[in-house]
Amino acid sequence: MRPIQIAPSLLSADFARLGEEIKAIEPYANMIHIDVMDGHFVPNLTFGAPVIEKLRLWTTLPFDVHLMISPVDPFLEDFANAGANILTVHPEASVHVYRTLQVIKELGCKAGVALNPGTPLGRIEPLLPVVDLILVMTVNPGFGGQAFLESQLPRIEQVRRLIEGSGREILLEVDGGISSITAPLAINAGADVLVAGNAIFNNGGPAHYEESIQALRGKNG
Ligand code: DX5
Ligand code: ZN
């Protein structure tokens, strides 16, 4: 059985207390998922590299930075310097996405590519030789708390087969609408990493973070 990693998404955390929120989930999380939105590529705004640089002081857990910005290339170096460990881009946000992934690796980060619900799988297939993580979106990007799109389950399975066929070590991350109900579906379809915002941060407050994360791993309490 593959070990399942949980990446809490700060999008649903208390933005005025992000450092404390990271400390509160740190003992139970495998990495921290940070959604960067520009109000242009997606219809919402969050934070940029200076905020991530300050958050870097709060934990040694890997920062899994999901870039929903266009253009993305001019900002890669800033995010790498701010302390990102994984930089994930959407192919629609870069004219030359293979080169973008190469640049991310040259900057010392792992390179991720995200697959929107409407993006054909063929878009990521040529990237297998260079990519370290494939993020399958199970909602349309932009907001937390949306319903999990079950229509994406066969695509998670297809991506899992692509990864196995590549012979490379590539993480399969699933992002959007993950809860204790949908987590097993994503895991059975082939996920290695589950991103979750609403199911962790809006589920009774910090006293419940541990139990909320364990529930995503399929454990009680
Ligand atoms: C959506 C973001 C997600 C979001 C998931 O565009 O990419 O990471 O935080 O939130 P939940 O888990 O609430 O669906
Ligand atoms: Zn995300």
Side-chain angles (χ1 to χ4, degrees), residues 4-15 18 21-22 25 28-48 51-52 55 61-70 72 75 79 84-93 109-119 124 132-153 155-156 159 171-187 191-205 208-209 212-217:
I4 296 301
Q5 300 190 47
I6 303 294
S9 166
L10 295 185
L11 186 60
S12 294
D14 181 345
F15 276 21
L18 285 175
E21 292 277 62
I22 286 177
I25 51 164
Y28 323 111
N30 300 94
M31 51 177 110
I32 308 290
H33 187 83
I34 304 180
D35 290 301
V36 178
M37 304 184 181
D38 66 355
H40 163 73
F41 183 70
V42 288
N44 198 4
L45 275 171
T46 55
F47 27 61
V51 174
I52 295 174
L55 295 179
L61 280 181
F63 276 180
D64 170 33
V65 178
H66 179 187
L67 297 173
M68 286 162 274
I69 60 175
S70 174
V72 66
F75 299 98
F79 286 106
N85 301 91
I86 304 169
L87 285 176
T88 296
V89 300
H90 286 252
E92 296 87 350
C109 298
K110 291 198 168 172
V113 68
L115 193 68
N116 276 340
T119 302
I124 58 164
D132 301 304
L133 176 146
I134 298 174
L135 185 164
V136 179
M137 294 297 305
T138 38
V139 297
N140 287 298
F143 301 95
Q146 301 181 80
F148 183 86
L149 295 171
E150 292 210 10
S151 60
Q152 300 307 299
L153 286 170
R155 279 152 62 84
I156 299 172
V159 171
L171 284 174
L172 200 174
E173 181 172 52
V174 175
D175 184 6
I178 292 292
S179 66
S180 56
I181 309 290
T182 58
L185 305 177
I187 293 169
D192 299 303
V193 185
L194 301 179
V195 176
N198 192 50
I200 295 172
F201 291 105
N202 295 325
N203 194 26
H208 298 272
Y209 288 170
S212 300
I213 291 177
Q214 300 300 32
L216 301 178
R217 296 186 196 277

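All figures in this text were calculated on a predicted structure; none of them were measured in a lab. Computation of the quantities below employed the complete heavy-atom set of this structure, encompassing side-chain atoms and omitting hydrogens, waters and symmetry-equivalent molecules. Just so you know, ligand 1 is whichever comes first in the structure, and atom 1 is the first atom listed for that ligand.
Between M37 and V42 the shortest heavy-atom distance is CB-CG2, 3.6 Å. Residues L135 and M137 come closest through the heavy atom pair CD2-SD, 3.3 Å. Closest approach of A7 and H33 over heavy atoms only: O-CB, 3.7 Å.
Shortest distance from the Zn ion (ligand 2) to H66 is reached at ND1 (N/O/S atoms only). Summary: NE2 is the N/O/S atom of H33 found nearest to the Zn ion (ligand 2).
The closest donor-acceptor contact from the side chain of D192 to the backbone of L171 lies at 3.5 Å or more, if one exists at all. Side-chain atoms of N116 never come within 3.5 Å of backbone atoms of T119 as a donor-acceptor pair (strictly under, hydrogens ignored).
In this structure, F63 has its ring center at least 6.0 angstrom away from the ring center of F79.
Just one of T88, T46, D35 meets the side chain to side chain donor-acceptor pair (under 3.5 Å) condition when paired with H66; it is D35.
Sorted by chain and number, the residues within 4.0 Å of ligand 1 by heavy atom are S9, L11, H33, D35, M37, H66, M68, M137, P141, G142, F143, G144, G145, D175, G176, G177, V195, A196, G197, N198.
Geometry about the Zn ion (ligand 2) gives an angle of 170° between OD2 of D175 and OD1 of D35, rounded in steps of 10 degrees.
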